[in-house]
2 protein chains.
Amino acid sequence: MRNLALLTDFYQLTMMNGYLKHKLDEDIVVFDYFFRKNPSNNSYTIVAGIEQVIDYLENLSFTEEDLQYLRGLNFDEEFLNALKGFKFSGTIYGAPEGSIMFPHEPILRVKARCFEAQLIETALLNILNFQSLIATKASRICEAADGDPVMEFGLRRAQGPDAGIYGARAAVIGGCTSTSNVLAGKMFDIPVVGTQAHSWIQTFDSELEAFQAYAAIYPDRCLLLVDTYDTLKSGVPNAIKVFQELKEKGYQPKGIRIDSGDIAYLSKEARKQLDAAGFHDVSIVASSDLEEETIYSLKIQRAAINGWGVGTNLITSSDSPALGGVYKLAAIEKNGGLIPKIKISENPEKITNPGYKKVVRIYDAHNNNAQADLIMLDDEVIDTTQPLTIFHPIYTWKKKTFNRYKIREMLVPIYEEGKLVYPRKTVAEIKAYTAKELQTLWPEYKRFNRPHLYKVDLSQKLWDLKNEMLNAYKEKNSL
Amino acid sequence: MRNLALLTDFYQLTMMNGYLKHKLDEDIVVFDYFFRKNPSNNSYTIVAGIEQVIDYLENLSFTEEDLQYLRGLNFDEEFLNALKGFKFSGTIYGAPEGSIMFPHEPILRVKARCFEAQLIETALLNILNFQSLIATKASRICEAADGDPVMEFGLRRAQGPDAGIYGARAAVIGGCTSTSNVLAGKMFDIPVVGTQAHSWIQTFDSELEAFQAYAAIYPDRCLLLVDTYDTLKSGVPNAIKVFQELKEKGYQPKGIRIDSGDIAYLSKEARKQLDAAGFHDVSIVASSDLEEETIYSLKIQRAAINGWGVGTNLITSSDSPALGGVYKLAAIEKNGGLIPKIKISENPEKITNPGYKKVVRIYDAHNNNAQADLIMLDDEVIDTTQPLTIFHPIYTWKKKTFNRYKIREMLVPIYEEGKLVYPRKTVAEIKAYTAKELQTLWPEYKRFNRPHLYKVDLSQKLWDLKNEMLNAYKEKNSL
């Protein structure tokens, strides 16, 4: 495991030192991790990276070398001593990895000594923002692929090694079947795939020789790249020759890959040639600057594609390359009680929800579909024997009442006073959980263009608290 | 150093095994790393990441655990044995890190055993594509900031830990003065900066108390965040109070930071308040979803900003989140000679330049300004005592003749038959080199909107070779 103790913004350290000097470092504070806007105008975000946040926290300690570096930045020995024995001792509740979450909902709720809560902010944001971004993008692309396998091919265009590695992991959680990234395959036990590049074809004197050379070694998993010279006049006919040779030897050829040109036209013509030669079961894989809009458009044109290799646009979430997740102070413990805190802004979107909160998902008791989420104060209880009425937090006249419903608390314990209590999962398990969670969403929320907005309301008690605090602030400052 | 041997696409391994089985693994091949398009419609790209490519190659070996994993993927013992003693033994020439390069120019030229050249493709692309992307974005932002210091603040929105770490490095090479990323600061000895977040202000009962608490600990570097409640009615007046207290104690206050609202209006009004209180030397730092267009626009409106903190849009290069660098076969050694190879495409932009090539930059002998680049075959020599005429590779009637000129070969040796021969540099040295290189570019090329296009031509010999190969191919295939 890498030592990422210094993977933080410098101001976290200057503030930590400040809290220490003012003897505020032991004060217990509550921070929420949440985002204000789904990436790519999606209606939901898939939470990914929780396991890596745990890795980070489990390994979080400062080496002598780290301290020496900080000494050089003029931090004093009192501060360095406080870092020396650093071990995360806080309590974290969060949405299980792979959960579907919505804007403004606390996804992680960190309750810890001010000294600790501040340090971990940056790494936590870095890890969760990126992986959640890519899992969500993968989910959109898989939705467009409509059941076809989607392979993650983006390592070469990823934003550095970690982006390739953890991006592949997140892509699989979001629905991809496999990755080309061997290291990610090893680290997370996810399927790796790939056959040959154009350079393989060019190394041989002819395309046919290149195909035959490949088939000789991999007769049982022969997928050939057919677009090096001319897809329909050379690539596909040569592939068919090699497939016939394989078939005579008793092997089942796997397919062809098209990496350039007009995928709709080429795939349909290639399909005709393959079918005419009796290779109905051979698949056609496309890979060429794809993303959800192009895949959807190719589907509408009935492109004969059975599998999609998606690189750059997936691994960077190119249309929306950052999830703007934030980590905001929600409460401070004073004399044993939690005092709610609110961040004011001229921009109403940026005003935070105060207090120690939880998220409750409301399901239709009949079909188990998610109906709405409610952000509530942690000590609130819903009496599910009674109808439940929720209201829009801004247009408060917009109300909805549920009669037959089930509820689920979305945040589960991850750390209890420094002790890891979260059951660690494999990527395959997380992927399966996400797939199940997606089934609870109406298709209206899964449309990747202009989806229906999922309801996230505040409980009456939280709404009252927030509005009281806003009014009190405005009065106090006569603004 | 991390073991990144498996940071590769699976098809590299299947091809390597294929070359081994066909006894082609020892064949010497030449691959070029180049890109076809500058990011963000810039006119140039700053090459960054060479040092990390070297780290990768120096550490490139397979552990027993790696081999065990590959065994599980059905690779045989012959292949695993070939990996066991893997050490890079090839020759690499490349542009020194921090160089300004242009589309289609070889930036790295790898001559190695086919077995090795193939393996390293993915990591090399991953590393260079990302860092070059961010160095270039930083250069654009610094150009807009027009001499003001630009601080890299993006770690929390970076695409994973490495993107934050190596992105900070690349941002400094591209012109940023500092980063908020402490780990990057430690790893690359670059300045780290930061003061306090909104949570610091919220922790205290009032903004004034929060400012005073900060000033008490950091009296000599007091920069205050003034937008938590109301920038002009509360933040700036409170900051001035604290600055006056500092001044009385003999300290020079540093400045204020504005992180929200209309930066142009707020900064001008804040400047008035600060000046009226006699704090002419106190600077105003802005940070709020900035990038080059907004900074330029704020400059036009005469925003009173002295320093810029840039996060998300810099660290992800949000308008252009991937540099599409590729790695293409250029030649294969046969009987001691290099046979040029070309990749054909229906898209003329995607046809490669064949052969073992170099890049020559032509400078005006008077003022040392770069005039044009010429891609040539490696054994070509320019007689600089004679005028030099170059021509556009497509509109060949577009010609230009240089009379008083100097030339420079851009590619320098990095590896000679497996031996590292490149003098390693600090980030500060690379940054200084880049700054000097940028001075050789006319301002027309540095405009970040619709810049003038820099000429990159082919030598007559290379142009002839390319056209002969294209014609021969088309004839052979009667296409």
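Every chain is numbered from 1 and lettered A, B, ... according to where its sequence line falls, protein lines coming before strand lines. Everything numeric here is computed off the predicted structure, so don't read it as measured data.
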Check your understanding: Looking only at atom types and distance, does a side-chain atom of B/Asn126 sit under 3.5 Å from a main-chain N or O of A/Gly160, one as donor and one as acceptor?
Key ->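 Side chain of B/Asn126 to backbone of A/Gly160, a donor-acceptor pair under 3.5 Å: yes, one is there.
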Revision key, fill the gap. The residue among A/Asp76, A/Asn17, A/Thr14 that forms side chain to side chain contact (heavy atoms under 4.5 Å, CB included) with B/Ile217 is A/Asn17
**Study point:** salt bridge (charged side-chain N to carboxylate O under 4.0 Å, His left out) between B/Lys474 and A/Asp230, intermediate numbers included
**Key:** CA-CA 11 Å; B/Lys474 285 286 170 185; A/Asp230 188 290; over 6 Å; no
Study note, to complete from the structure: Ranked by heavy-atom pairs below 4.5 Å to chain B, first place among A/Leu73, A/Leu183, A/Leu24 goes to A/Leu183
Check your understanding: Looking at A/Asn181, A/Thr312, A/Thr195, A/Ile315, which makes the most heavy-atom pairs under 4.5 Å with chain B?
Key -> A/Thr195
Exercise for review: For A/Asp9, check salt bridge (charged side-chain N to carboxylate O under 4.0 Å, His left out) against everything at least two apart and list the hits.
Suggested key: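 For A/Asp9, the residues satisfying salt bridge (charged side-chain N to carboxylate O under 4.0 Å, His left out) (neighbours in sequence not counted) are B/Arg156.
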Review point. Among B/Gly185, B/Ser234, B/Gly261, which has the most heavy-atom pairs under 4.5 Å with chain A?
Key: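 Among the listed options, the one with the most contacts to chain A is B/Gly185.
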**Study point:** Option that, when pairs with chain A are counted at under 4.5 Å, heavy atom only, ranks first among B/Ala213, B/Gly154, B/Cys114, B/Ala322
**Key:**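 Of the options given, most contacts go to B/Ala213.
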Check your understanding: With sequence neighbours excluded, what pairs up with A/Phe35 under the ring-ring contact (aromatic ring centres under 6.0 Å, His included) test?
Key ->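 Result, ring-ring contact (aromatic ring centres under 6.0 Å, His included) vs A/Phe35: none returned.
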Review point. Any side-chain heavy-atom pair from B/Asn74 and A/Arg221 closer than 4.5 angstrom?
Key: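 In contact.
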Check your understanding: With distance as the sole criterion, is a donor-acceptor pair present between the side chains of B/Ser199 and A/Tyr327 under 3.5 Å?
Key -> no
Exercise for review: Counting only heavy atoms closer than 4.5 Å, note whether B/Lys350 contacts chain A via side chain, backbone, both or neither.
Suggested key: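 It is neither, since no heavy atom gets under 4.5 Å.
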**Study point:** B/Trp200-A/Tyr11 aromatic ring centre distance below 6.0 Å
**Key:**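 When the ring centroids of B/Trp200 and A/Tyr11 are compared, they turn out to be at least 6.0 Å apart.
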